[in-house]
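Worksheet: the structure to be examined is printed underneath.
This one's a predicted model, so the numbers in the text were calculated from it and none came from an experiment.
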Amino acid sequence: MVLLPSFWKMLLFTFAPLLITSNVIAQSNEPRQCGSELSPDEVAKMEAAFSNDAATLGLTSQTLDAMKRTIPVYFHVIQNDTSIEGGNVPDKQIHKQMDYMNNAFKGTGFKFKLKSIDHTTNKTWFELVGPKTTIQTDMKTLLRKGDAVTLNVYTVGFKRGTGHGLLGYATYPSAYQSNPKDDGVVLLYSTLPGGSRPDFNLGAQLVHEVGHWVGLYHTFEGDCDGPGDYVDDTPAEYIPSDGCPIGRDTCSGPGVDPIHNYMDYSYDSCLEEFTPGQIKRARTQLATYRDNKN
């Protein structure tokens with residue numbers, strides 16, 4: 001496939017869903033937005049380090065195939081006030097989210113166990129938390145619990161600032177050692193099951209972000225050429241999916257776009273799978289960067 005300049009690629013991502021006339025569910029006015037994107041240089045550096053670090057451990061296929069982990073989860077609800085619209089997520093939504101996540105990760109060897117739920121009323125955090133800000137650093141420093149294999153989830157509003165418009169973002173496993181307090185997932189509160197965010201309120205956004213937290217990239221990483229998402233069994237994809245465009249094929253290589261993969265941007269109702277290659281990579285990432293790290 002001939003690659004397009006970045007400007008035209010942006011236009012294609014914006015308008016391509018409108019050009020697909022069959023086998024597509026209605027399109028959202030606001031596509032999924034994840035703040036866990038990396039530059040090509042950042043990805044290249046992470047992968048070079050990962051290759052060396054994993055090789056040092058001498059992990060075998062038998063070890064990875066047998067790997068099972070129960071991951072403790074702490075939910076930190078950041079709210080503007082005591083209303084649901086103000087971010088005061090009911091416990092039942094969080095329990096439904098845990099059920100959804102465990103079902104999504106079935107077969108990966110990972111299980112997630114809710115340890116506690118806490119609520120913090122802080123308008124600044126609720127509205128302004130975003131990636132790489134001092135505001136999110138203050139929030140995480142105060143609230144984060146556990147070690148490298150403990151998942152901390154912070155639900156916020158992303159109303160203003162660098163996080164405006166995001167549905168979530170996460171840290172990668174290799175980042176833990178240099179900045180353990182930053183580790184975790186920040187999530188738009190209305191994406192939990194039963195939330196108010198149209199098309200993205202079944203619970204898949206947290207699964208997507210936890211995918212990053214266990215070391216997975218977006219399926220559209222790196223366009224059509226090169227190593228892409230560093231997983232062999234996810235077909236190359238040029239732009240993120242929107243809606244559920246069955247049969248879409250944006251790259252000339254084998255397979256159609258992996259629109260049903262949790263690491264794409266399709267509607268929640270369209271997402272349903274991790275591939276065996278992604279599972280192997282996630283297990284290797286956890287064994288390399290999260291196991292036995294305090």
Side-chain angles (χ1 to χ4, degrees), residues 32-36 67-78 87 89-119 143-156 158 166-173 176 183-197 199-219 231 234 258-276 278-283 285-286 290-291:
R32 188 184 301 273
Q33 293 292 335
C34 168
S36 304
M67 183 176 178
K68 296 183 184 300
R69 296 290 182 273
T70 298
I71 297 171
V73 180
Y74 291 91
F75 250 89
H76 308 289
V77 177
I78 311 302
V89 178
D91 287 2
K92 64 180 180 181
Q93 280 188 267
I94 294 174
H95 288 289
K96 287 180 179 179
Q97 176 68 78
M98 295 299 300
D99 291 341
Y100 183 99
M101 187 159 63
N102 276 312
N103 185 64
F105 278 90
K106 189 180 297 182
T108 66
F110 304 145
K111 292 184 179 180
F112 299 88
K113 183 177 181 180
L114 182 63
K115 299 294 289 185
S116 72
I117 302 169
D118 57 67
H119 291 248
L143 298 179
R144 193 185 187 281
K145 298 178 181 180
D147 56 13
V149 77
T150 303
L151 174 62
N152 283 254
V153 180
Y154 309 83
T155 59
V156 300
F158 291 132
L166 293 180
L167 300 192
Y169 64 92
T171 57
Y172 289 88
Y176 179 83
D183 188 65
V185 169
V186 183
L187 186 72
L188 180 65
Y189 76 97
S190 55
T191 63
L192 295 178
S196 60
R197 183 63 166 85
D199 305 315
F200 306 109
N201 59 356
L202 300 181
Q205 186 64 34
L206 182 56
V207 174
H208 178 98
E209 300 303 343
V210 173
H212 292 310
W213 189 81
V214 297
L216 302 180
Y217 297 126
H218 292 134
T219 53
V231 176
T234 53
I259 65 164
H260 298 298
N261 196 285
Y262 285 113
M263 301 313 295
D264 205 349
Y265 274 13
S266 304
Y267 289 171
D268 280 14
S269 58
C270 190
L271 301 178
E272 61 185 22
E273 66 182 7
F274 290 112
T275 68
Q278 287 176 313
I279 294 170
K280 181 178 180 180
R281 176 181 170 86
R283 290 176 177 179
Q285 283 269 325
L286 256 69
R290 293 199 180 278
D291 282 0

Can you confirm whether [X] sits close enough to [Y] that some side-chain heavy atom of one is under 4.5 Å from a side-chain heavy atom of the other?
X    : Y    : result
T155 : I94  : no
T171 : Y176 : no
Q285 : V214 : no
V153 : Y74  : no
P193 : Q97  : yes
W213 : R290 : yes
Y189 : Q93  : no
F75  : D91  : no

Just how far is it from atom [atom1] of [X] to atom [atom2] of [Y], taken to the nearest 0.5 Å?
X    : Y    : atom1 : atom2 : answer
S266 : D199 : OG    : CG    : 11.0 Å
S36  : Y172 : OG    : OH    : 5.0 Å
F158 : R197 : CZ    : CZ    : 12.0 Å
L286 : R281 : CG    : CZ    : 11.5 Å
L151 : L206 : CG    : CG    : 6.5 Å
L167 : C34  : CG    : SG    : 8.5 Å

Determine, step by step, whether N152 and K145 satisfy the side-chain contact (heavy atoms from CB on, under 4.5 Å) criterion, reporting the C-alpha distance in whole Å, the side-chain angles of both residues, the deciding distance to 0.1 Å, and the verdict. CA-CA 7 Å; N152 283 254; K145 298 178 181 180; 4.1 Å; yes
Looking at every non-hydrogen atom in both residues, tell me the closest pair between [X] and [Y] and how far apart they are.
X    : Y    : answer
H76  : L143 : CE1-O, 3.1 Å
D183 : T150 : OD2-O, 3.9 Å
Y100 : Y262 : OH-CE2, 3.8 Å
L271 : I259 : CD2-O, 3.4 Å
M263 : Y217 : CB-O, 3.5 Å
V89  : H119 : O-CE1, 3.6 Å

Run the side-chain contact (heavy atoms from CB on, under 4.5 Å) test on R283 and R69 for me, step by step, so that the C-alpha distance in whole Å, both residues' side-chain angles and the decisive distance to 0.1 Å come before the verdict. CA-CA 9 Å; R283 290 176 177 179; R69 296 290 182 273; over 6 Å; no
Hey, can you tell me if F112 and F110 have their rings parallel, tilted or perpendicular (30° and 60° cut-offs)?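 Judged by the thresholds at 30° and 60°, the geometry between F112 and F110 is perpendicular.
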Identify which one of L216, T234, V231 satisfies the side chain to side chain contact (heavy atoms under 4.5 Å, CB included) criterion when paired with F274.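 When side chain to side chain contact (heavy atoms under 4.5 Å, CB included) is applied between F274 and each of L216, T234, V231, only L216 qualifies.
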Which one of Q205, E209, H212 satisfies the side chain to side chain contact (heavy atoms under 4.5 Å, CB included) criterion with V185? E209
Please answer whether the main-chain N or O of M98 pairs with a side-chain N or O of N102 as donor and acceptor at a distance below 3.5 Å. yes
Let's go through M101 and I71 carefully: what are the C-alpha distance in whole Å and the side-chain angles of both, what is the deciding distance for side-chain contact (heavy atoms from CB on, under 4.5 Å) to 0.1 Å, and is it a yes or a no? CA-CA 12 Å; M101 187 159 63; I71 297 171; over 6 Å; no
Does a side-chain N-to-carboxylate-O contact under 4.0 Å join R32 and D268? yes
